Amino acid sequence: MCAMDDKPRARRRRYRRALLASAAGTAVLGGVLVTLPWGGQAPPPAPTPQERALAAVTSGVPAALPDLEALAAERERHLRKHPRDARAWAELGAAQVEQGVRLADPRYWPRAEKALRTALEVRKDNVPALRAMAVLANARRDHASARAWGEAARKLEPGRWTTYPPLIEASAGLGDDEETGRLLEKLMELRSGPAVMVRAAAVYRDRGWREDAAAKIADAASAAGEPAERAACLERAGQLAWERGDREDALRHFREAVRTDPDQRAAQAGQGRALAALGRTTEALSAYRTALARQPRPEYALELGELYESLGMRSAAEVHYALLRERVRLAAAHGADEELVLGRFEADHGDARAAVRRLRAEWKRHPSTEVADALGWALHRAGEDEEALPFAVRATEGTKGGGVRSALFAYHRGTIERSLERYGAARRHLTEALQINPWFSPLHAPRAKEALARLGEPSVQAGPESS
């Protein structure tokens, strides 16, 4: 009897164990189904720093500095074992170009060039290497070479969209507005996305289409993926806000850029610009110094030097003017052209005739809007106002009457016109400069206001003034 009773109890125990096992399996399966996407496959692993950097540099977008360092180190290790890997050489060179850009360190340029030339020796039709050579040439301000490298890449693969941004930059640097427009149209046919929007915004800005440029860069910032890319878009948005005289909006964008990517030093310098305009001088000086400590670009040294000079701190200004000269010499030693910023500096703070010589040569190489303005101003400072005026007109009106809206360029033109006794035109352009951005320079904005006050109101009895 007892033996017979044991059998049902054993069956009940086995049944309970089966139910518990089934419930546990269901719970595990349910958890898996909750965590897996539809289709039952696990999500892909997060990209490594090397993968993030590679995706960025091959797409022409900014990459985080730690990621770039990881990519360069990994490719160097790989190439020690596989020295005939043309793709790895191209990727190493592209990473080193971007490192040099992010750090404003021209010592990266020879290393990058060596890697890229090795890539082309191993494989002559290496389109990524050709494209990276174009990017490197633009970084060195050798826009003619950038165009040649970019065209070589385009000839091999005319449908590869990543070739077009460096070609557009090269054409803009050479002052070829029509070609710049054609290249942008082709790029927009081939691709959309943040990188294309950023390039379009730059072209629109140079045409004077300020609202269109701002809209494009805002869209790019919203669509950007990695923090370094989004921060670069925010920095451009801040720069556009600054150029139209919106100090608070510029500062907001610059600060958000630095929060997004602490290595975004252009935005740090932008904070200095906006803070100085807001009268927050101590903060402005600190922001500039922070930017220069990690990204010692000569133009930041010039801006900070002029801020010190506007405060009557001549000795501190001279320290930063000396830094500017040092950085220009370092750039030249590594194949980079910083003649434009040096010419601007010499025109206002050094030898104006030396500035004219430098900028005439620069104009022959790169007849861009920026060089036209700088050469016109240097000629004015050297007492050659008649020759200066056509360059000032070119800077403010472009080749077809649609130039960039720059307070500094308008101030330069108005000052030249005043020296030529073209008082009506001078009044218009000095007024325009202060309407665009009343705080465009700690040195020159007060001078623009003073010059406008001296011109006074136009005389009714004198009739229409000469333009």
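In this text, all values refer to a predicted model and were calculated from it rather than measured experimentally.
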Residue pair [X] / [Y], side-chain heavy-atom distance below 4.5 Å:
X      : Y      : answer
Ile436 : Glu243 : no
Pro128 : Glu91  : no
Met197 : Ile217 : no
His412 : His380 : no
Asp348 : Arg381 : yes
Arg147 : Asp176 : yes
His320 : Leu302 : no
Glu339 : Leu359 : no

Quick one: ring pair (Phe, Tyr, Trp, His ring centres under 6.0 Å) partners of [X], sequence neighbours excluded?
X      : value
Tyr321 : Phe345, His349
Trp363 : Phe391
Trp89  : none
His429 : none

N-O pairing of [X] and [Y] below 4.0 Å:
X      : Y      : value
Glu256 : Arg252 : no
Asp142 : Arg140 : no
Arg102 : Asp261 : yes
Arg413 : Glu397 : yes
Arg182 : Glu179 : yes
Arg273 : Glu303 : yes

Nearest-0.5 Å distance that lies between atom [atom1] in [X] and atom [atom2] in [Y]:
X      : Y      : atom1 : atom2 : result
Glu346 : Asp351 : CD    : CG    : 6.0 Å
Arg205 : Glu211 : CZ    : CD    : 14.0 Å
Gln264 : Arg255 : CD    : CZ    : 15.5 Å
Leu292 : Leu323 : CG    : CG    : 6.0 Å

Ignoring hydrogens, what is the shortest heavy-atom contact between [X] and [Y]? Give both atom names and the distance.
X      : Y      : value
Leu183 : Ser171 : CD1-OG, 3.4 Å
Glu98  : Pro62  : OE2-CA, 3.4 Å
Ser59  : Ala195 : O-CB, 4.2 Å
Leu116 : Ala90  : CD2-O, 3.7 Å
Arg199 : Pro165 : NE-O, 3.8 Å
Arg123 : Ala86  : CB-CB, 3.8 Å

Distance-only check: which donor-acceptor pairs under 3.5 Å involve side-chain atoms of residues 275-287, not counting sequence neighbours?
{"unit_1": "Arg280", "atom_1": "NE", "unit_2": "Glu283", "atom_2": "OE2", "d": "2.9"}
{"unit_1": "Arg280", "atom_1": "NH2", "unit_2": "Glu283", "atom_2": "OE1", "d": "3.0"}

Identify every side-chain donor-acceptor pair in residues 218-236 under 3.5 Å, counting partners at least two apart or on other chains, and give the distances.
{"unit_1": "Ser222", "atom_1": "OG", "unit_2": "Ala218", "atom_2": "O", "d": "3.1"}
{"unit_1": "Glu229", "atom_1": "OE1", "unit_2": "Gly225", "atom_2": "N", "d": "3.2"}
{"unit_1": "Arg230", "atom_1": "NH1", "unit_2": "Thr260", "atom_2": "OG1", "d": "3.4"}

Is it true that a side-chain atom of Arg353 and a backbone atom of Ala382 form a donor plus acceptor pair closer than 3.5 Å?
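A pair under 3.5 Å: yes.
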Using a 3.5 Å distance criterion without hydrogens, assess whether the side chain of His366 forms a donor-acceptor pair with backbone atoms of His143.
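Such a contact is found between His366 side chain and His143 backbone.
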Heavy atoms from other residues, nucleotides or ligands near [atom1] of [X] exceed 12 (cutoff 6.0 Å):
X      : atom1 : result
Arg210 : CZ    : yes
Arg289 : CZ    : yes
Arg87  : CZ    : no

Using only heavy-atom distances, determine whether the side chains of Arg131 and Thr163 contain a donor-acceptor pair under 3.5 Å.
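Judged by distance alone, the side chains do not pair up.
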How far apart are the C-alpha atoms of Arg107 and Asp105, what are their side-chain angles, what is the distance that settles it, and do they pass the salt bridge (Lys or Arg N to Asp or Glu O under 4.0 Å) test?
CA-CA 5 Å; Arg107 289 172 294 190; Asp105 189 345; 2.9 Å; yes
Just jot down the side-chain hydrogen bond (donor to acceptor under 3.5 Å, both in side chains) partners of [X], sequence neighbours excluded, or say none.
X      : result
Asn126 : none
Arg365 : Glu362
Asp212 : none
Arg294 : none

With sequence neighbours left out, which residue pairs that include part of residues 308-328 fulfil the salt bridge (charged side-chain N to carboxylate O under 4.0 Å, His left out) condition?
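Passing the test, one end in residues 308-328: Glu309-Arg314, Arg314-Glu318.
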Under the rule for side-chain contact (heavy atoms from CB on, under 4.5 Å), what residues qualify as partners of Thr58, not counting sequence neighbours?
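Here the qualifying residues are Leu54.
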Hey, can you tell me if Tyr411 and His444 have their rings parallel, tilted or perpendicular (30° and 60° cut-offs)?
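Aromatic pair Tyr411/His444 classed tilted.
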Pair Asp249, Trp242 - check side chain to side chain donor-acceptor pair (under 3.5 Å), show working.
CA-CA 8 Å; Asp249 194 42; Trp242 166 253; over 6 Å; no
Between Arg207 and Tyr204, is NZ or CZ placed under 6.0 angstrom from the six-membered ring centre and within 45° of the ring axis?
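Geometry flag: not set, cation outside 6.0 Å or 45°.
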